[in-house]
Each structure stands twice: as structure tokens, then as C-alpha cells.
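Here's the structure, in C-alpha cells; my notes come after.
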There are 2 protein chains.
Amino acid sequence: MVGDRSGAASVADVTSAKARPVPSMADVAALAGVSSQTVSRVSTGADHVKPETRARVLGAMKALGYSPNGAARALRYGNFGAIGVIAHRLARTGESRTVEAVVEAARLHGYTVSLVDVRSPSSDDVTAAAARLSHQAIDGLVIIRAETETPAALALPPHLPVVVSDSRLFGHLPAVGADQSDGARRAVQYLLGLGHTTVHHLAGPEDSSPAQMRAEAWETTLRDAGRPVPPPYRGDWSAESGYQLGRTIAENATVTAVFCANDEMAAGLCRALHEAGRRIPEDVSIVGFDNIPLADFLWPPLTTVAQDFASIGNRLVELLVEQIQDGAELADSRTIIPVELVVRASAGPPPVRP
Amino acid sequence: MVGDRSGAASVADVTSAKARPVPSMADVAALAGVSSQTVSRVSTGADHVKPETRARVLGAMKALGYSPNGAARALRYGNFGAIGVIAHRLARTGESRTVEAVVEAARLHGYTVSLVDVRSPSSDDVTAAAARLSHQAIDGLVIIRAETETPAALALPPHLPVVVSDSRLFGHLPAVGADQSDGARRAVQYLLGLGHTTVHHLAGPEDSSPAQMRAEAWETTLRDAGRPVPPPYRGDWSAESGYQLGRTIAENATVTAVFCANDEMAAGLCRALHEAGRRIPEDVSIVGFDNIPLADFLWPPLTTVAQDFASIGNRLVELLVEQIQDGAELADSRTIIPVELVVRASAGPPPVRP
DNA sequence: AAGCGGAATGTTTACGTAAACATCTCCGGT
DNA sequence: ACCGGAGATGTTTACGTAAACATTCCGCTT
């Protein structure tokens, strides 16, 4: 076997690195006995190549294992066919679904995606990521959750089209996001409509803009209905935090309904309530947010606010491509994607007080 | 301020596309009154530039909003600082955690990641994705689940370093994967050790290699223990499929233990059992596979086989970078990452038959 | 003061590709 | 036989960058 080095070549001969010549158009041209321009024509599928010649060139390509050099093409064309995506904790919930939608939408527009995952959506981390990407080869940038107030703080390269999702940058950069406030309002109104006196809130972290919007809408909706506003429980999006706070909530017999800022915290809360012997929804009603794929298979199946991640991803890419291709400036474009309450089994009427 | 995009242009003037000149080193050089080579030196942080000159060049860069052209650099350097990743259904389960780990590991090695999401891990889809990426600018390729028998079927560009995860391509391409067989064996042995007569299996799709490995190890372990091997239930990884099959399983009173090929199907099974009034683990014990973040917050908390996705991602990138930088050929390198049984509350002794 | 060495900067070149332009060949029409 | 024209192919050039090589300028030694 040619490629087998596991046995003999114990000495790592550095020369082998050079011994692997990546063929260029010129090599193919030489082998096929044509000019490199003809190779280019075959490579790009251009007209005016005799079928016979084309076949010969294709043969030479195959023989040499030629594939076009992306950098050279990008340099020539002036674009990369790639968009950058800065995401925050990819393996978590909605984030990855938005990314998936962006990747898919990008593919449909003929772009690939360069991904950078940042630990926190703080300005510093996002700036560092943007810097790395701008040294990369991208035509535009999608930022999913840039929790910063001004685009200046991001130190983005000018001339680089950018769109953001779920952010405070509206007015500075084109933004696309789900209707957080409407979602929270619907959740709270649904619970009030079931007869609950008030609704508690298991909130996301304070430095998250969607968390803030959901919390504010929760509070506003309660006030508008003339209901008492209990202090919110403050989690960090994780199921673990929902569980820990849930142990406190479970001890509070006055809590009959909880609106959770995301489904994962709701899952943690459910576990805490189960462990405390409080029934869902007979004793406590729960509504989540996000509609993660597993929401329907928690126990009980979780009533939640569904975000249309696919639409968000599509719209993000649309806005970005518009800027890239038309050079349009869309500074104050903002798209709000509607949200939907998915009623399952985790919420019901409040228990009857004896 | 230079980077401020919040400006007036509410009218989308198409001319702005042309009026937006992306500055090059030459422009910076002209403004700073130096040669473009000096700009290059400043840009790359090279030596032999007088502090005063450097400052002047940096000023010119900022004034023009210069940022280096990635394509030109890549062409010059002969590499891209990017690796391609082909993943399958990003928003699902272990996939996204592996991707996250790969992204992180790549960052540590100084690479960004170009992502392509394919619908199915079939040969055709993966080939198409690889083709798209190879036209892109990448130094190497990570394929997560290429369910094909030979690398020839993938039509990968030669000269392109490749590693695969969870695949049948061992012997052809360097591979990294969790110890599927050991995980399944541990799960089954654990259940048998609790006293169950036999263990049923909720399997993954037949065309998936990890699903096959888990199913085979399940069967082998039962046979080795001299236990009857019931026909497996065949799902498609989704919680929905677990739920549908679970409704059948729930009707079968002889089932006391089920080993599920992943956690999501386990979640679906749990819901079906709950709905049928069968208790977990008192009536039916369940063990999953993957240890998704939510596994600890299902009800009951799911006993499952944990894959070390972070290690898999790291090792994939290590192997790839080794090939890229040393030109090493690692055709039959294979790394198997150990697996661990995480005992929670979804499995227990079988019910006592009256 | 001549000469030397090294730092600072400029000039040339190549990376691989494809558009633009140039050339060449072959065909039919007159 | 000649010419127009179109298809096929070759040649030149530019994309933006940075290495390699060349030059200038300075201060210091002898």
C-alpha cells in the first residue's frame, strides 16, 4: 500500500512534505498539450472548447489529481463564496438550529459558511472572532447574539457586510430576530387565561438581550392584567440552573405557574418539581420558550413558544446576500419573525384551593 | 468615525456598490507615502520598520478601513488557515457537539472552520459537499459520518488531507470514533447485572455505521451471556421514532429493559411508557447512548453511555493538522475514544413476577 | 575622511486563476 | 480563389500579498 507509513517510515522525513506536489493548471496544460487558458475554460465550463480537447484536458486533470486553487479563484473573482458566522455555544439549543438554518440558506445562495464559536457573546470575544474571520476569506458576516451596544465596539472591518440576530444593534446593523416580546406575552396570557392568579418567571441571564426582552414582556403583561409581579428567578439558560432554581420554586406552594425563558431551564425545573412530588400541570403549570426538538418528549410534553429558526436563518442570509451583491446599505433594516405558542401538556388550570 | 455604518443612506443607491472601493495595500501605501512592501511589513508585524513609519502606516490603514485580503494571503502562503467540516444534521444531538469540539480544537491550532451540512450521510450527498468545499479554500477536511464503504466513492480531491469520524473508512482514511461496541456492551451488561433476563434494543437506522456497531455489540453481549436475543426495534434516531416504537413496546409486558441507540429515541420511549402508565425504572429500565446535555433532566434522569465528543473533536483536528503540516500519510491510523456509562435513575432491577 | 555594517525602505517577482484580447483555422459564400 | 466570420486556442495581464533581493541612509570605526 502506497500510503502506508505506519510501519517503515519511523523517521519523519520532512522532504515528504515537499514531495507532494499539488498540481496547478499549468501542469495539467502541459500534460494535455494545451495552454493553461484552455484548462481554465474546461475547469469553469466555458464555451468554445472542442469536445475532444475537453476530454483530453479532463483526462489530464484526473491523472494528476488536479483541483482548482480556491485562493487563486477568490483573488481573481474578488469574492470568496463564503460567509462567516459567529455563534455562541454551538451545542446549545436554538443557537445550533439557527446556525443550521443559516448554513442551509447559505448553500441555497451558493455560499459556504465559515464558523467561529465564541464562549461568551461579550464584545471582546465577538471582536476577536470577527478579527479572525476578517483575516479569513469571507464576503459577509452573520453574528448570532452580539450582546453589545454599538457596532463600534466590535471593531468590525468596514466594507464588510454584516447582519445580526437577536441583538441590540438595531439601528446600526441589519437585524433579524424572533418576536421575543410577543412570545412572552402569549405565554403569560395563556397561563392567566387558564385561571392562574399570577405567573412566575424563570429568566435568562441579565446580560442577554433576548432574556431581557422576555422578562420585560412578562412583567408588562402581568402589570397590564393588574396582576402581582413576583421577583423573577434568574438562571443562565442551562438545564442545571433551571433545576437548582427549581428546587427553591418547588418549596414555594404559592407558585402555580412558571414561564421559563427557555426550554432547557424548563426541563430542569420539571425535574426539580418531579423530585419534590409536585405534579405538572396539576400543581404547577409550565411554559417554555424555543420549542427545542425534545420539547415534545419531555414529561409532560412541554407547552412552549416556538421560534421559527429556519425563517430567521433564511432572512439573515437574504439580508446579507443583498448587501454583498447589491452593495446595499441596510443599516436600519429589521425583520421580526413571528412566534407561535405550541400547546402541549405542561400547563393547565391552577389547583383548586381548599 | 470610520467604522460607523449608522449613517444617513436610507436610499439604497445601487451605485454605492461601485462607490465602495475596498482598499488594498497599494492605497494604504500611497496615503502613507511608503511602498506597499512597507505596508505589508506593518501588516504582518515584521521587523525593520521605524516606529514613526509604522504609526503613519497604521494611521493610513485606519483612515481607509483597510483589512488584508484573505484570498491574496492564502495564495501567497499556499494555505488557507481553514479546515472543512462535513456534518450531518447539525442541530441533532452528538453531531453538533462534535462540531463544536472540532471548531474549538481548530481554533487552538489556528484554523477556522468551513462548514457544510448534508441532509443524509449517503455517499452522494457527502461527495457533493466535498466538491463544494474543495472549490472552497480549505487545507483539510473532517467528515463526520461518511456512510460509505470506500473513499473512492467520495471522489475526494487527492492531495487533500482528510479525517473521518464514526465511519467504515478505516484502512482508507484516518479515523476517530467512540468505542461504540464497548459502550453497547457496558449498557447491556449493566442491565443484565441488575437482574434482567434479557435486554431489548431500540436501534438506529440500518444504513448508519454506529447504529450497526451498537446493535451488533448488543446482540453479541446477549449471546455471550446465553440470553435470548429479541428482534430489535428499528428507529431513525429521532425522538419521534422512539415514541412511535415505544407505543408498541409499552404494550409488550415482557419487556423489562431497553437499550436505546441514542438518548433522543430514549426520550421518545420514555414518553410512550409514561403515557401507557408503565413506570420507569420500576416496570421498564432504559439505558440510552450519547449523554446529551438534557439527559440528566429527562424524567427520570437517563442512564446512558457518555461519548467524549470533546476528545473526538480534538483528536480529529490533531490528526488532520499532522497531515497538513507534516505532509504525513496516516492512511490506517485509527483512534478509539473510550466511553463511559453514566448511571442515573432510568434503570433498576426488573419487577418481581407474581 | 573613507569605509563599513546594519537598519530602513524600495523593487522585482511569483503564487494560480480567468478575463480581455490576439491569433489561427476552417468553412461557406461569392 | 478570396474573403468574411465564427469557433477554437494561445498570449497577456491583473487580482493583492509577501518573500527575495536591491538600494539607500545613517552612524560609527579606523
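By convention in this document, chain letters (A, B, ...) are assigned in the order of the sequence lines, proteins followed by strands, and residues within each chain are numbered from 1.
Each end of the helix from C:dA1-D:dT30 to C:dT30-D:dA1 yields a helix axis from five base pairs, and these two axes differ in direction by 60° (to the nearest 10 degrees).
The only option from A:V85, A:L316, A:T335 that meets the side chain to side chain contact (heavy atoms under 4.5 Å, CB included) definition with A:S165 turns out to be A:L316. Screening B:V163, B:I83, B:L320, B:I86 against B:L141 for a side chain to side chain contact (heavy atoms under 4.5 Å, CB included) leaves a single residue, B:I86.
A donor-acceptor pair is defined here as one N or O able to donate and one able to accept, closer than 3.5 Å; such a pair exists between the side chain of A:D139 and the backbone of A:G81. When atom types are taken as modelled, the side chain of B:T53 and the backbone of B:V49 share no donor-acceptor pair closer than 3.5 angstrom. The backbone N or O of A:A32 sits less than 3.5 Å from a side-chain atom of A:R56, completing a donor-acceptor pair.
If you take CG of B:N79 and P of D:dA18, they are 12 Å apart, rounded to a whole angstrom. When the C1' atom of D:dA18 is taken as reference, atom CG of A:L75 falls 13 Å away, rounded to whole Å. Atoms CE (B:M61) and P (D:dG16) sit 15 Å apart, rounded to a whole Å. C:dT12 atom P lies 15 Å from atom CE of B:M25, rounded to whole Å.
Residue A:Y77 places no side-chain N or O under 4.0 Å from the OP1 or OP2 atom of C:dT17. Phosphate proximity of C:dT17 to A:Y66: present, with a side-chain N or O under 4.0 Å from OP1 or OP2.
Heavy atoms of B:S40 sit under 4.0 angstrom from at least one base atom.
Closest approach to the A:R76 side chain among D:dA18, C:dT17, C:dC15 is made by C:dT17 (side chain taken as heavy atoms from C-beta onward).
The distance from atom CE of B:M61 to atom CE of B:M25, rounded to the nearest 0.5 Å, is 8.0 Å.
Of the charged side-chain nitrogens involved, none lies within less than 4.0 Å of a carboxylate oxygen, so that A:R97 and A:E100 do not count as a salt-bridged pair.
Residues A:Y111 and A:V321 form a side-chain contact, since some pair of their non-hydrogen atoms from C-beta on lies under 4.5 Å apart.
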Polar pairs (N or O, both sides) under 3.5 Å between protein and nucleotides 8-10 of chain C?
unit_1	atom_1	unit_2	atom_2	d
C:dT9	OP1	B:T53	OG1	2.5
C:dT9	OP2	B:K50	N	2.8
C:dT9	OP2	B:T53	OG1	3.3
C:dG10	OP2	B:S35	N	2.8
C:dG10	OP2	B:S35	OG	3.0
C:dG10	OP2	B:T38	OG1	2.9
C:dG10	N7	B:R41	NH2	2.9

| said: Please determine whether side chain to side chain contact (heavy atoms under 4.5 Å, CB included) holds for the pair A:T112 and B:L115, giving the CA-CA distance in whole Å, both sets of side-chain angles, and the decisive distance to 0.1 Å. | reply: CA-CA 7 Å; A:T112 53; B:L115 187 63; over 6 Å; no

